[in-house]
Amino acid sequence: MASDSRFGRPGTVAAGMADSAQAQKLVYLVTGGCGFLGEHVVRMLLQQEPQLRELRIFDLHLGPWLEELKTGPVQVTAIQGDVTQAHEVAAAVAGAHVVIHTAGLVDVFGKTSPETIHEVNVQGTRNVIEACVQTGTRFLVYTSSMEVVGPNVKGQPFYRGNENTPYEAVHRHPYPCSKALAEQLVLEANGRKVLGGLPLVTCALRPTGIYGEGHQIMRDFYHQGLRLGGRLFRAIPASVEHGRVYVGNVAWMHVLVARELEHRAALMGGQVYFCYDNSPYKSYEDFNMEFLGPCGLRLVGTHPLLPYWLLVFLAALNVLLQWLLRPLLLYAPLLNPYTLAMANTTFTVSTDKARRHFGYEPLFSWEESRTRTIRWVQAVEGSAQ
């Protein structure tokens, strides 16, 4: 079903007479469609993809907000399933034209085991690829991560880099290791013959740190600041720069890629794209204060209040405590050697390649992205009171 000329417009008279039927004929599947990014991708597709006939949302935990989407012109099909179960994935993929694979386990704090992270992120991605091959679905867009590249644990900076900038990717933490392996699987699958004999076309998007409505870590920082009397304490030098990207613009890039993947298969197939917008380059703490400041929090200190060597010691101590306590309780602090290296290493990217290959421009300006995120944090504040 997915091997037809779905995006093309055949030159026959009969096909020309059927042009009016071209609208609303596509079937999309979004894995992880109820996650932070997945929900934004789902809503963006419903708003921005006029050819959509059916949108399938595959997730282990289905959100109640899906009910409100079922009254529109597009058929919204909610499928509860697990990407680690190959038969469930295959059933969801069958008959889809495009799969946007956002499902994944994002954990840099040690909340889950390395084996579980690998099973979800690597084996889950393998299951999605094999389902596409077996059912004839030809177009696969994968949500990768900048952490496939870095920042690395050596603290080497990456200034305004692109997809070809040399950089030593050093992976030790289970999460970036899993994303790197999964991305490799997706890119190597490009060109495989699917059911019907046509080639699979794949590509991967590498967002920088995503922020916006529904961002759990920002919610955690906000609640932490409330517990500390409206204060957060600086731990990272203000000179460290990170590229952050608004979730709406990440969702928009996914929609653009899915739309253009067949038209530009020779150009885009097997490619990776950094995903960034016009959000300012700042340290994680200073960037978060763009939203948390207007909500009443303040960042204490113009310089880190603790020396770096002490943070290294505390991070190592947290790892030891996590190991010792694991049989008894879950201890998953924000500070560990990986998050410390991430936060203290400059990593900024360029999206010129996405602009050249498929015309990406951010849909939301920095001002609008900031306003939307502040409103969401203020709503979180209201619910916390």
A.B. asks: Between the main-chain N or O of L334 and the side-chain N or O of T339, is there a donor-acceptor pair closer than 3.5 Å?
C.D. replies: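 Yes, T339 side chain to L334 backbone: donor-acceptor pair under 3.5 Å.
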A.B. asks: side-chain contact (heavy atoms from CB on, under 4.5 Å) between N152 and Y167: does it pass, once the steps are laid out?
C.D. replies: CA-CA 9 Å; N152 64 28; Y167 189 76; 3.4 Å; yes
A.B. asks: If Ile, Leu, Val, Met, Phe, Trp and Tyr residues are connected whenever their side-chain heavy atoms lie under 4.5 Å apart, and connections chain through other members, are Y308 and F313 in the same group?
C.D. replies: yes
A.B. asks: Near W323 CH2, under 6.0 Å, is it more than 12 heavy atoms from other residues, nucleotides or ligands?
C.D. replies: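 Open: at most 12 neighbouring heavy atoms sit under 6.0 Å from CH2 of W323.
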A.B. asks: If we only count heavy atoms from C-beta on, is the C177 to R172 side-chain gap below 4.5 Å?
C.D. replies: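 Sidechains of R172 and C177: no contact.
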A.B. asks: What verdict does the side-chain contact (heavy atoms from CB on, under 4.5 Å) test give for M268 and V201, after you've listed the backbone C-alpha separation in whole Å, the side-chain angles of each residue and the deciding distance to 0.1 Å?
C.D. replies: CA-CA 8 Å; M268 295 171 60; V201 185; 6.0 Å; no
A.B. asks: What's the shortest heavy-atom distance between V245 and P207, and which atoms?
C.D. replies: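 Between these two residues, the closest heavy atoms are CG1-CB, 4.3 Å.
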A.B. asks: Can you tell me how far CG of L45 sits from CG of L69, rounded to the nearest 0.5 angstrom?
C.D. replies: 11.5 Å
A.B. asks: Determine, using the 4.5 Å side-chain heavy-atom cutoff (strictly less than), whether L317 and L305 are members of one ILVMFWY cluster.
C.D. replies: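 The answer is no; the residues belong to distinct hydrophobic clusters.
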A.B. asks: Using 0.5 Å steps for rounding, measure from the CZ atom of R234 to the CG atom of L306.
C.D. replies: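 R234 CZ to L306 CG: 13.0 Å, rounded to 0.5 Å.
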A.B. asks: Check for me whether R160 meets the cation-pi criterion with Y276, that is, NZ or CZ under 6.0 Å from the six-membered ring centre and within 45 degrees of the ring axis.
C.D. replies: no
A.B. asks: Is R56 reaching over with its side chain to a backbone N or O of A92, donor-acceptor style, under 3.5 angstrom?
C.D. replies: yes
A.B. asks: Got a donor-acceptor contact below 3.5 angstrom from the N288 side chain to the L292 backbone?
C.D. replies: no
A.B. asks: Can you tell if the side chain of L232 reaches within under 4.5 Å of the side chain of M289, non-hydrogen atoms only?
C.D. replies: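 Counting from C-beta outward, L232 and M289 do come under 4.5 Å.
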A.B. asks: Determine whether more than 12 heavy atoms belonging to other residues, nucleotides or ligands lie under 6.0 Å from atom CZ of R219.
C.D. replies: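 Counting neighbours around CZ of R219, more than 12 heavy atoms of other residues, nucleotides or ligands fall under 6.0 Å, so yes.
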A.B. asks: Give me the atom names and distance for the closest heavy-atom approach of N249 to S369.
C.D. replies: ND2-OG, 4.1 Å
A.B. asks: F287: what forms a ring pair (Phe, Tyr, Trp, His ring centres under 6.0 Å) with it, not counting sequence neighbours?
C.D. replies: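 Applying ring pair (Phe, Tyr, Trp, His ring centres under 6.0 Å) to F287 gives Y211, F291, W366.
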A.B. asks: Is the ring pair F358/Y360 parallel, tilted or perpendicular, if the boundaries are 30 and 60 degrees?
C.D. replies: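 Tilted.
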A.B. asks: Where the side chain of N127 meets the backbone of V89, is there a donor-acceptor pair that is under 3.5 Å apart?
C.D. replies: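 Checking the backbone N and O of V89 against the side chain of N127, no donor-acceptor pair under 3.5 Å is found.
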A.B. asks: Drop me the distance from I236's CD1 to M342's CE, to the nearest 0.5 angstrom.
C.D. replies: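 So the gap between those two atoms works out to 10.5 Å.
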A.B. asks: Under 3.5 Å, is there a donor-acceptor pair between the side chain of T346 and the main chain of E241?
C.D. replies: yes
A.B. asks: Is there a donor-acceptor contact under 3.5 Å from the side chain of Q48 to the main chain of W252?
C.D. replies: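 Here the side-chain-to-backbone pair does not exist.
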A.B. asks: Do you know which two heavy atoms are closest between H101 and V83, and how far apart they sit?
C.D. replies: CE1-CG1, 4.4 Å
A.B. asks: Count the heavy atoms belonging to other residues, nucleotides or ligands that lie under 6.0 Å from CZ of F233, then report whether that count exceeds 12.
C.D. replies: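 Count over threshold, so yes.
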A.B. asks: Check the hydrophobic clustering (I, L, V, M, F, W, Y; side-chain heavy atoms under 4.5 Å; chains of links allowed) and say if V76 and W65 are grouped together.
C.D. replies: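 Same cluster.
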A.B. asks: Please report the closest heavy-atom contact between T135 and A131, naming both atoms and the distance.
C.D. replies: OG1-O, 2.8 Å
A.B. asks: Is I100 linked to V74 within one hydrophobic cluster, defined over Ile, Leu, Val, Met, Phe, Trp and Tyr using a side-chain heavy-atom separation of less than 4.5 Å?
C.D. replies: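 Yes; V74 is reachable from I100 via cluster members.
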A.B. asks: How long is the span from the OG atom in S144 to the OH atom in Y273, to the nearest 0.5 Å?
C.D. replies: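 So the gap between those two atoms works out to 13.5 Å.
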A.B. asks: Got F158 and M146 here, is their nearest side-chain heavy-atom distance under 4.5 Å?
C.D. replies: no
A.B. asks: Okay, side chain of R264, backbone of H357: is any donor-acceptor separation there less than 3.5 Å?
C.D. replies: yes
A.B. asks: Taking E39 for the side chain and C34 for the main chain, is one N or O donor matched with an acceptor at less than 3.5 Å?
C.D. replies: no
A.B. asks: Give every residue pair that meets the side chain to side chain donor-acceptor pair (under 3.5 Å) criterion with at least one member in residues 295-304, sequence neighbours excluded.
C.D. replies: none
A.B. asks: My understanding is that only one of Y159, Y284, F347 makes a ring-ring contact (aromatic ring centres under 6.0 Å, His included) with H242; could you say which?
C.D. replies: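 Between H242 and the candidates, ring-ring contact (aromatic ring centres under 6.0 Å, His included) is satisfied uniquely by Y284.
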A.B. asks: Please tell me if the side chains of V247 and L37 come closer than 4.5 Å, counting only heavy atoms from C-beta onward.
C.D. replies: yes
A.B. asks: Is it the case that the side chains of R375 and Q378 hold a donor-acceptor pair, with the cut-off being a distance below 3.5 Å and no angle test?
C.D. replies: no
A.B. asks: Are any side-chain N or O atoms of T137 and backbone N or O atoms of A96, one a donor and one an acceptor, separated by less than 3.5 Å?
C.D. replies: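 At least one qualifying donor-acceptor pair exists.
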A.B. asks: Work out which heavy atom in F58 is nearest to a heavy atom in G81; give both atom names and the distance.
C.D. replies: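 Shortest heavy-atom separation between F58 and G81 comes out as CZ-C, 3.4 Å.
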A.B. asks: Could you give me the CA-CA distance, side-chain angles and deciding distance for L299 and D286, then say whether side-chain contact (heavy atoms from CB on, under 4.5 Å) is met?
C.D. replies: CA-CA 8 Å; L299 185 62; D286 288 300; 3.8 Å; yes
A.B. asks: Among H254, K179, E183, find the residue that satisfies the side chain to side chain donor-acceptor pair (under 3.5 Å) test when tested with Y142.
C.D. replies: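 When side chain to side chain donor-acceptor pair (under 3.5 Å) is applied between Y142 and each of H254, K179, E183, only K179 qualifies.
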A.B. asks: Hey, what do you get for CG (L140) to CG (L187), rounding to the nearest 0.5 Å?
C.D. replies: 10.0 Å
A.B. asks: Work out which heavy atom in N278 is nearest to a heavy atom in P362; give both atom names and the distance.
C.D. replies: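 So the minimum-distance heavy-atom pair works out to ND2-CG, 3.9 Å.
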A.B. asks: What do the steps show when you test H97 against F139 for ring-ring contact (aromatic ring centres under 6.0 Å, His included), and what is the final call?
C.D. replies: CA-CA 7 Å; H97 299 100; F139 303 98; 9.0 Å; no
A.B. asks: Backbone N or O of S178 within a donor-acceptor pair of the H118 side chain at under 3.5 Å?
C.D. replies: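 Here the side-chain-to-backbone pair does not exist.
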A.B. asks: Apply the test side-chain contact (heavy atoms from CB on, under 4.5 Å) to residues Y28 and V141: give CA-CA distance (whole Å), side-chain angles for both, the deciding distance (0.1 Å), then the verdict.
C.D. replies: CA-CA 11 Å; Y28 274 57; V141 182; over 6 Å; no
A.B. asks: Give, for atom NZ of K353 and atom CD of Q271, the distance between the pair rounded to the nearest 0.5 Å.
C.D. replies: 4.0 Å
A.B. asks: If Ile, Leu, Val, Met, Phe, Trp and Tyr residues are connected whenever their side-chain heavy atoms lie under 4.5 Å apart, and connections chain through other members, are L62 and L46 in the same group?
C.D. replies: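 Yes; L46 is reachable from L62 via cluster members.
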A.B. asks: With the side chain counted from C-beta on, respond yes when R192 and E130 share a heavy-atom pair under 4.5 Å apart, and no when they do not.
C.D. replies: yes
A.B. asks: May I ask you to test the T125-I129 pair for a side-chain heavy-atom distance under 4.5 Å?
C.D. replies: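 With C-beta onward as the side chain, the pair touches.
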A.B. asks: Is the shortest side-chain heavy-atom distance between V349 and R206 below 4.5 Å?
C.D. replies: no
A.B. asks: If only side-chain N and O atoms count, and only distance matters, is there a donor-acceptor pair under 3.5 Å linking Q322 with N318?
C.D. replies: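 On atom types as modelled, these side chains do not qualify, holding no pair under 3.5 Å.
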A.B. asks: Are any of the side-chain heavy atoms of E188 and Q184 separated by less than 4.5 Å?
C.D. replies: yes
A.B. asks: How about NZ on K70, more than 12 heavy atoms from neighbouring residues, nucleotides or ligands closer than 6.0 Å, or not?
C.D. replies: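 Count over threshold, so yes.
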A.B. asks: Within the 3.5 Å criterion, strictly below it, is a donor on Q224 or R227 matched to an acceptor on the partner's side chain?
C.D. replies: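 The criterion, which ignores hydrogens and geometry beyond distance, is not satisfied for R227 and Q224.
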A.B. asks: Taking 4.0 angstrom as the limit, do R370 and E367 come out as a salt bridge?
C.D. replies: no
